[in-house]
Number of protein chains: 2
Amino acid sequence: MPTIRDVARLAGVSPATASLALRARPGVRALTRKLVEDVATELRYVPNLTGRRLARGRADALGVIQGLNMTTLFSDAFYRLVLSGVGEAVHASDYSLVIAPALRPGVGVDHLMRFVGPGTVDGVLIVGVLDPEWVLAILERGLTVVVVDNHLPGTKVPAVVHDYRGGARLVTEHLLALGHRRVGLVGADVAYPFGWETQDGYRDALAARGLDCDPALVRLTAIGVDAAAAATHGLLDLPDPPTAVVTVTDMMAIGALRAVRERGLRVPEDLAVAGMDDVEISAHTDPPLTTLRVPKEEMGRLAAERLMALSRGESPVPRIAELSGTLIVRKSCGAAGSDPAPEGRATSLGYA
Amino acid sequence: MPTIRDVARLAGVSPATASLALRARPGVRALTRKLVEDVATELRYVPNLTGRRLARGRADALGVIQGLNMTTLFSDAFYRLVLSGVGEAVHASDYSLVIAPALRPGVGVDHLMRFVGPGTVDGVLIVGVLDPEWVLAILERGLTVVVVDNHLPGTKVPAVVHDYRGGARLVTEHLLALGHRRVGLVGADVAYPFGWETQDGYRDALAARGLDCDPALVRLTAIGVDAAAAATHGLLDLPDPPTAVVTVTDMMAIGALRAVRERGLRVPEDLAVAGMDDVEISAHTDPPLTTLRVPKEEMGRLAAERLMALSRGESPVPRIAELSGTLIVRKSCGAAGSDPAPEGRATSLGYA
DNA sequence: AGCGGAACCTAAAACGTTTTAGATTCGCCC
DNA sequence: GGGCGAATCTAAAACGTTTTAGGTTCCGCT
């Protein structure tokens, strides 16, 4: 591999000049720069990022650590869209993106640091839920941290979160506005903010209408298709079953859809189903899901931008950025619902 | 940040010894090693990967370049599972994983090299379809390359591919074995191997039964839910419509499902639908999809392992590794079909 | 006591870049 | 032609690590 010294030698200048020239920095004559550039392309010179990082004392790279509340960052329908936003923002700023290993029993913070330690990376994005102790340990290793889709109350760790409470309220209100009076909740039985915020939002909506919350109508369950299907069956087994159900995840809504189907009932006639997230498949279920569109890519983008700013010494305010979702009305609740535009722009490119 | 010199100084040894000790290399007394280790943990020393990379002349890192036949690596239902396998293999070998920017009009090979150039990365994995010229240009920059889910005929570029021809044949044969005689194909209208291999497999199956291939029954279309739905409608509009259809992607099968629904018909009674890929959602459609399980994670894993081997100077044979999928029988073709085990192992971890 | 060799340790160079401080050249004006 | 300042260039140090070649210490043996 040619180095900058090779380029410099062939161009008849010093490495310092070559460096300046190739980065179009002032202080080098246009003629010289052209010369250096020509030699560089001739040699197919590619600057060695590692050398540059060492010299500059910064990596211009961000690490991503995946939380515990997902199977794998790549296989999670929700988080991969967050990651997509991260990638966009990171690359737009000419930063690199490095992915830390998936968390598993046996990997500790020090193991993580072998991949995304200081020097390798200017900071890390923690996507989803991570044990607060771990986050502290990461901070202690001298890394800048931003957390996405979770936050650590009582700490100063910057975060980008979604307003799940307001979102759940919005969805529930939609159902109430449609005339439903017995609305069930298939919630998440997890010990982090998402779990209780969605419940609170659901209750907020009921309270705003002066309705009591029937405890029999709220089922907390594991996040997953099967668990949600079971919970929905439970709801439908009730002597006085709900006419609508809010599910805190679209994959869980798919479970609810299945449960209704298994009983030979119909959505939305017999049970209206609303989800949250708006993942790709949500537009293609039968019937298409009415749901809350959580700005997943936007969250990732914002988090990455904040982390990069932080690593440059700026301090974005507020410390916690909260985004809100929008209601997407499709068919699963019976409301009219024109077909909403799909999320994001498709980047379709031809081949050859 | 403490450096190895700090550790060495406090431990009263030279940096060289500290380096040896921390990596548990021979030539240092157990007592000394313990001492150095203690100082290191005391100082929360984390070795600087950048320094190490420069010194060793290798990055112990792999880059991933995403092909043109996907919106974004992260948002593609199929490829993100490939990526998952890549991550697993890479991290199991203590390599780092860096993701190159998504391809868009305007980014060239040189732009890519700013993120995954030689020195930053020991090699790159090209996931999916990339213009052969680009691959050549990457090779010219001195990078080791392995291609996954595509291959470059006429070149020496190592690849890991799936036997789409055999897979399509398997699926079609399943339908034929079920007694269907008019089987349609909703194929991919793309100019890379996947497109024609699936068609060939479909024809192979027909030919093996001595059946003619009715050209009216094969529809080549864009890869996507809507296009597939339209193609299915086209098939059903035929005076002599098929009783079964093979769709070369599960997302396309979902489009077919929708088309059938839109006509008030039923799957599988009025039209049997079979897909290919087996992505997460395929088990949760109505009815659940009979499909070909392409070993996506395995492909990623294998490709990563080959790339790492290559970067260490080994040359795995054969140059092109071909994996085969397995038929997953669910309900969408009417066959009995016990519920097959889900793919992969769930890595469920508690919180705090 | 002297020798040989193993075991342990270290100095210094090397990796490829950027940056800093200083040197040289050039053009211009008096 | 001399002097000045700006423009252009360069030498050398620095970043944090590993490796190589060599140095020292220590032990056991004769």
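On a predicted model such as this, the values are computed, not experimentally measured, just so you know. Residue numbers start from 1 in every chain, and the chains themselves are labelled A, B, ... in the order their sequence lines are given, proteins ahead of strands.
- Taking both residues in full, the closest heavy atoms of B/Pro2 and B/Leu43 are given as CG-O, 3.4 Å, listed atom of the first, atom of the second, then distance.
- Protein atom CG of A/Asp60 is 11 Å distant from nucleotide atom P of C/dT18, rounded to whole Å.
- The nearest pair of heavy atoms linking B/Val90 to B/Ser96 is CG1-O, 3.6 Å.
- A side-chain contact (heavy atoms from CB on, under 4.5 Å) with A/Pro101 is found for exactly one of A/Val116, A/Val107, A/Leu112, namely A/Leu112.
- No more than 12 heavy-atom neighbours from other residues, nucleotides or ligands sit within 6.0 angstrom of CD on B/Glu133.
- Taking the six-membered ring where tryptophan is involved, the planes of A/Phe74 and B/Phe74 are essentially parallel, since the angle between them stays under 30° and well short of 60°.
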Checklist entry - Can you give one letter per nucleotide of nucleotides 4-17 of chain C, 5' to 3': B if a protein heavy atom sits under 4.0 Å from the base, S if only from the sugar-phosphate, - if neither? => result ----SBBB---BBB

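- Here D/dC9 presents its C1' atom at 16 Å from CZ of A/Arg25, a figure rounded to the nearest Å.
- Rounding to the nearest 0.5 Å places CZ of B/Arg58 at 7.5 Å from CZ of B/Arg312.
- Taking both residues in full, the closest heavy atoms of B/Ala89 and B/Met308 are given as O-CE, 3.6 Å, listed atom of the first, atom of the second, then distance.
- Terminal axes of the helix from C/dA1-D/dT30 to C/dC30-D/dG1 (five pairs each, C1' rotation axis) are separated by 60°, to the nearest 10°.
- The minimum heavy-atom distance linking A/Pro318 with A/Arg306 is given by the pair O-NH1, 2.8 Å.
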